[in-house]
Number of protein chains: 2
Amino acid sequence: MSESRRKPTLAVVGATGAVGTVMLDILSTREDVYGEIRLVASPRSAGKKLTVRGEQVEVQALAPEVFEGVDIAMFDTPDGISAQWAPIAARHGAVAVDNSGAFRMDPDVPLVVPEVNAEAARNRPKGIISNPNCTTLSMIVAMGALHRHYGLRELVVASYQAASGAGQAGIDTLYDQLEKVGGHRDIGERAGDVRRVVGDDLGPFPAPLAMNVVPWAGSLKEDGWTSEELKVRNESRKILGLPDLRVSATCVRVPVVTTHSLAVHAVFERPVDQREAQAVLAGSPGVVLVDDPENFEFPTPADVVGTDPTWVGRVRRSLDDPNALDLFLCGDNLRKGAALNTAQIAELVAAELTS
Amino acid sequence: MSESRRKPTLAVVGATGAVGTVMLDILSTREDVYGEIRLVASPRSAGKKLTVRGEQVEVQALAPEVFEGVDIAMFDTPDGISAQWAPIAARHGAVAVDNSGAFRMDPDVPLVVPEVNAEAARNRPKGIISNPNCTTLSMIVAMGALHRHYGLRELVVASYQAASGAGQAGIDTLYDQLEKVGGHRDIGERAGDVRRVVGDDLGPFPAPLAMNVVPWAGSLKEDGWTSEELKVRNESRKILGLPDLRVSATCVRVPVVTTHSLAVHAVFERPVDQREAQAVLAGSPGVVLVDDPENFEFPTPADVVGTDPTWVGRVRRSLDDPNALDLFLCGDNLRKGAALNTAQIAELVAAELTS
């Protein structure tokens, strides 16, 4: 920036979507580091007014001109939109912080979780920084803390992913289905009767989600793996700087509106200790330990949704491997899993630009 | 039996419970190998009439006399009732087939899954045979088939367990909660609002189950493990005859009425092949392979509930371990997970007694 004391101008692209909506809330409640904030969305949302920092701001249609004078441009947009427009924002001199999958595995684009690898954000040859996938983000702050202490070797992950991971359509579909099944006290004991009550409109999911779990998220990739499962593997490796980390993930959608949960089996280089691991997690920024099973205290999505941290509980040393931990964790997939981490990256950049 | 051609007399103890109800259905639809069938329950259910094999049968109160002349006595009762009464049935000359946890780890009581270790049922020094826990049963037929082919070394399991695993109270609680949340389109985005709508009566669960997942099943055991998680480990070892099998399980309740699902990471002695493993599963009695991700075909609890087999899909070779498979499977926890396996064990005994 020409004048180092000017507060940076921010553009929020995709301001009207599920993540964008949470982003405006986050921008209104965190320390205000920005000058102008421009809201950008598809042409059909242009002219709509949204509230950010207590003020009404008119949404502008996505076009090259909206990036003029912008220092940081957040993209909460589908892969194709990001792939096309993040480079345009960068050419206009903005640092693009992209929440899509378009650039995450690009070796010239850092993939950043501020609690884990903040320093990576400074090296951005394309002027683009990527925000990880929400499922990876649900666990990576906790895993990063344990990795620094014990040296991570392998992750086996099973996910319990919320409907909002599939966007507003996912949320709407789950509410629709819950409304239809609510009050039926005779379904769920015979194959197909939930499907009959829910009807044919399954929204973005390949099977009914209410009263069900669906072992599918993302699209089909090689050898039966889903894009979501490969993201957990590839993004964990990149963020932690462990290109040979062994990762197996099975991603499953559950009838929860927002907040992803994961059951994690983590194998380390060194022997682990239950109490010590709990202390490491409790002392890590961005992590809250809720682990008192005697009093039935452990995180559940309904109890932690809408909050910032990664919530960890059920921490146990594996009975048959002194180097392994089993645990259960929850993270709001729209906040830390998307908008919050994007905001944190943008704040890193803002601090760098004004320092 | 004095006369080898007489059909054995069966007693069903706990005939009025969630599993007992499914048992009467199973006894009415499978090949009829029994002479008299006596229905037994607690004194408060005595006199009630239930239908089995198309006939009304009066429920008798549990007392030593009900076992007179009984050849096989099934117990679908809590641990304490089984612990007290299965030996009484055995003293009256019956073979007790017990679905509780009372005897499963007793070295003098075989733990039997007919597709895996039918021969173990013949060696029953106490006259008692145990039926495994429903979560173990949801996966063990499939795992037994893969073990015979590749030699099982380690299991990492995350469960998606149905409400009916906590009995009729679990089913009722989930229906109550689904009725309360159905139609609310503004909950699930802020911590605690599902809890507020659901109210204080959580039934047998330590947190709301509707619109949530709860990382808890069973009771607290040493070092933070639950009884359910230890059962998966200890029972898998005993059934498969692998006392050193490495097992880590995290058991999680999901808002599904009936049918447990599991994400399984299985490590073998020998390298695995995806197509071969699929063929092994497809060719195993008691297992159905539904694994065509290109057409979004995989098992979900809502699609398979009320059926007998273990349904397996999402079979993948681990990307970082040629000896490991990742898969997702579903099994009806009231049928194969409880009543059906008990019925199959009883049929083994009936065949032995009449041979």
Side-chain angles (χ1 to χ4, degrees), chain A residues 156 158 160 175 178-179 181-183 185 187-192 194-195 206-208 211-216 220 223-225 233 246-248 250 252 254-258 261 263 265 274 293-294 296 298 300-307 313-321 324 326 328, chain B residues 156 158 160 175 178-179 181-183 185 187-192 194-195 206-208 211-216 220 223-225 233 246-248 250 252 254-258 261 263 265 274 293-294 296 298 300-307 313-321 324 326 328:
Chain A
V156 180
Y160 303 72
Y175 280 137
L178 286 171
E179 187 164 356
V181 303
R185 300 186 75 92
I187 58 174
E189 297 285 359
R190 295 288 163 215
V194 166
R195 208 176 262 273
M211 301 181 77
N212 204 15
V213 302
V214 183
W216 194 262
L220 180 62
D223 300 326
W225 294 90
R233 173 171 178 260
R246 292 154 63 125
V247 183
S248 279
T250 297
V252 179
V254 297
V256 164
V257 176
T258 292
S261 305
H265 175 80
Q274 184 187 28
E294 217 161 317
F296 297 116
F298 32 71
T300 81
D303 290 325
V304 309
V305 60
T307 68
R314 304 292 330 278
V315 178
R316 293 147 290 157
R317 189 168 86 155
S318 301
L319 291 164
D320 304 312
D321 184 349
D326 291 275
F328 182 83
Chain B
V156 180
Y160 303 72
Y175 280 137
L178 285 171
E179 187 162 356
V181 302
R185 300 184 74 93
I187 59 174
E189 297 286 359
R190 295 287 164 216
V194 166
R195 209 176 262 274
M211 301 181 77
N212 204 16
V213 301
V214 182
W216 195 262
L220 180 62
D223 299 326
W225 294 89
R233 174 170 177 261
R246 293 154 61 126
V247 183
S248 279
T250 296
V252 179
V254 296
V256 164
V257 176
T258 292
S261 305
H265 176 79
Q274 184 188 27
E294 217 161 317
F296 298 115
F298 31 71
T300 82
D303 290 326
V304 310
V305 60
T307 67
R314 303 291 331 278
V315 178
R316 292 148 291 156
R317 190 169 85 155
S318 302
L319 291 164
D320 303 312
D321 184 349
D326 291 275
F328 181 83

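These numbers come from the heavy atoms of this one structure, side chains and all, not from hydrogens, waters or symmetry mates. Just so it is clear: chains get the letters A, B, ... in the order the sequence lines come, proteins before strands, and each one is counted from 1.
- Closest heavy-atom contact between B:Glu189 and A:Thr258: OE1-OG1, 2.9 Å.
- For B:Arg317, the part lying near chain A is the backbone, with the side chain staying farther off; criterion is any non-hydrogen pair under 4.5 Å.
- Of the listed residues (A:Val257, A:Leu319, A:Val254), the one with the most heavy-atom contacts under 4.5 Å to chain B is A:Leu319.
- Between the side chain of B:Arg314 and the main chain of A:Thr250, no donor-acceptor pair closer than 3.5 Å is present.
- Using a 30° and 60° split on the angle between ring planes, A:Phe296 and B:Trp216 fall in the perpendicular class, above 60°.
- When the candidates A:Gly306, A:Gly313, A:Gly182, A:Pro293 are compared by the number of heavy-atom contacts under 4.5 Å with chain B, A:Pro293 comes out ahead.
- Listed by chain and number, the residues in a side chain to side chain donor-acceptor pair (under 3.5 Å) with A:Thr300 are A:Asp303, B:Asn212 (sequence neighbours excluded).
- Interface residue B:Arg195: only side-chain heavy atoms are found under 4.5 Å from chain A.
- B:Ser248 and A:Arg316 share no side-chain donor-acceptor pair at under 3.5 Å.
- A:Val305 and B:Gly188 get closest at one heavy-atom pair: CG2-O, 3.3 Å.
- Between chain B and the options A:Arg185, A:Glu294, A:Gln274, A:Arg233, the largest number of non-hydrogen pairs under 4.5 Å is found for A:Arg185.
- Among B:Asp223, B:Val194, B:Thr307, the residue making the largest number of heavy-atom pairs under 4.5 Å with chain A is B:Asp223.
- In plain terms, the two heavy atoms of A:Arg246 and B:Asp320 that are nearest each other are CA-OD2, 3.4 Å.
- Residues A:Tyr175 and B:Ile187 share a closest heavy-atom pair of OH-O, 2.5 Å.
- Annotation: maximal heavy-atom pairing with chain B below 4.5 Å, among A:Val213, A:Val256, A:Val304, A:Asp326, occurs at A:Val213.
- Among A:Gly192, A:Pro255, A:Ala263, A:Ala207, the residue making the largest number of heavy-atom pairs under 4.5 Å with chain B is A:Pro255.
- With respect to chain B, the highest number of heavy-atom pairs below 4.5 Å among A:Ala324, A:Pro206, A:Pro301 belongs to A:Pro301.
- Once rounded to the nearest 0.5 Å, the distance linking CG of B:Leu178 with CD of A:Glu179 reads 13.0 Å.
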